[in-house]
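I have placed the structure first, in the form of structure tokens, so that the comments after it can refer back to it.
As the structure is a computational prediction, the values presented were derived from the model and not from experiment.
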Amino acid sequence: METKEKTFGAGVSCIVMNQNDNVVTLLRSINKGEVLTFQIEDQTCTLTAKEDVAFGHKLALNQIKIGDTILKYGESIGIATTTIEEGEHVHVHNLIGVRGRGDQ
């Protein structure tokens with residue numbers, strides 16, 4: 001298996017670590033309407049933020065429907081509790097964690 005080293009230059013605002021991810025992770029706080037540019041594998045992509053979101057949080061890469069698995073770094077981080085539109089903030093207000101829960 002070939003591994004590619006990833007490096008990030010100055011001014012990079014978000015990352016997608018796995019091609020299956022449906023969220024980007026913010027490397028700085030961003031403002032509503034801001035257009036983010038990032039790489040998925042060798043493809044350059046853009047995403048417009050629908051709201052102000054703080055550093056370290058996530059934005060939806062595309063529409064995530066209620067009940068869909070939310071993937072970050074190629075791993076499930078939860079299930080959408082509502083439909084999340086492209087560019088919307090993804091956090092505890094619209095996802096529920098499923099790891100380590102004894103009730104599910």
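Residues Lys58 and Ile77 approach most closely at CE-CD1, 3.5 Å, considering heavy atoms. Nearest heavy-atom pair, Lys72 versus Asp21, reported as atom, atom and distance to 0.1 Å: C-OD1, 3.5 Å. Residues Ala54 and Ser29 come closest through the heavy atom pair CA-OG, 3.5 Å.
The OG1 atom of Thr44 lies 9.5 Å from the CZ atom of Phe38; values are rounded to the nearest 0.5 Å. Here the CD-CG distance, from Gln19 to Leu71, works out to 11.5 Å after rounding to the nearest 0.5 Å. Taking CD of Glu88 as the reference point, atom CG of Leu47 lies at 11.0 Å (rounded to 0.5 Å). Taking CG of Leu26 as the start and OG of Ser13 as the end, the distance is 7.5 Å to the nearest 0.5 Å. Taken from OG1 in Thr82 to CD1 in Ile66, the straight-line distance is 5.5 Å, to the nearest 0.5 Å.
Residues Leu27 and Ile15 form a side-chain contact, since some pair of their non-hydrogen atoms from C-beta on lies under 4.5 Å apart. Ile64 has its side chain out of reach of Thr83: every pair of non-hydrogen atoms, C-beta onward, lies at least 4.5 Å apart. Residues Leu61 and Ile40 have side chains in contact (heavy-atom distance under 4.5 Å, counting atoms from C-beta outward). With a 4.5 Å cut-off on side-chain heavy atoms, Ile70 and Ile79 do not count as touching.
Residues that satisfy the side-chain contact (heavy atoms from CB on, under 4.5 Å) test with Glu34, not counting sequence neighbours, are Arg28, Ile30, Asn31, Leu36. When the side chain to side chain donor-acceptor pair (under 3.5 Å) test is applied to Glu85, the partners found at least two apart in sequence or on another chain are Gln63.
When each of Val23, Val24, Asn22 is paired with Val16, the side chain to side chain contact (heavy atoms under 4.5 Å, CB included) condition holds for Val24 and for no other.
Annotation: ring-ring contact (aromatic ring centres under 6.0 Å, His included) contacts involving residues 43-71, sequence neighbours excluded, comprise His57-His89, His57-His91.
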Would Cys14 and Thr25 count as a side chain to side chain contact (heavy atoms under 4.5 Å, CB included) here? Give the steps. CA-CA 5 Å; Cys14 63; Thr25 302; over 6 Å; no
Would Val53 and Leu59 count as a side chain to side chain contact (heavy atoms under 4.5 Å, CB included) here? Give the steps. CA-CA 8 Å; Val53 181; Leu59 296 180; 3.6 Å; yes
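Using modelled atom types, no side-chain atom of Asn94 and backbone atom of Thr81 make a donor-acceptor pair closer than 3.5 Å.
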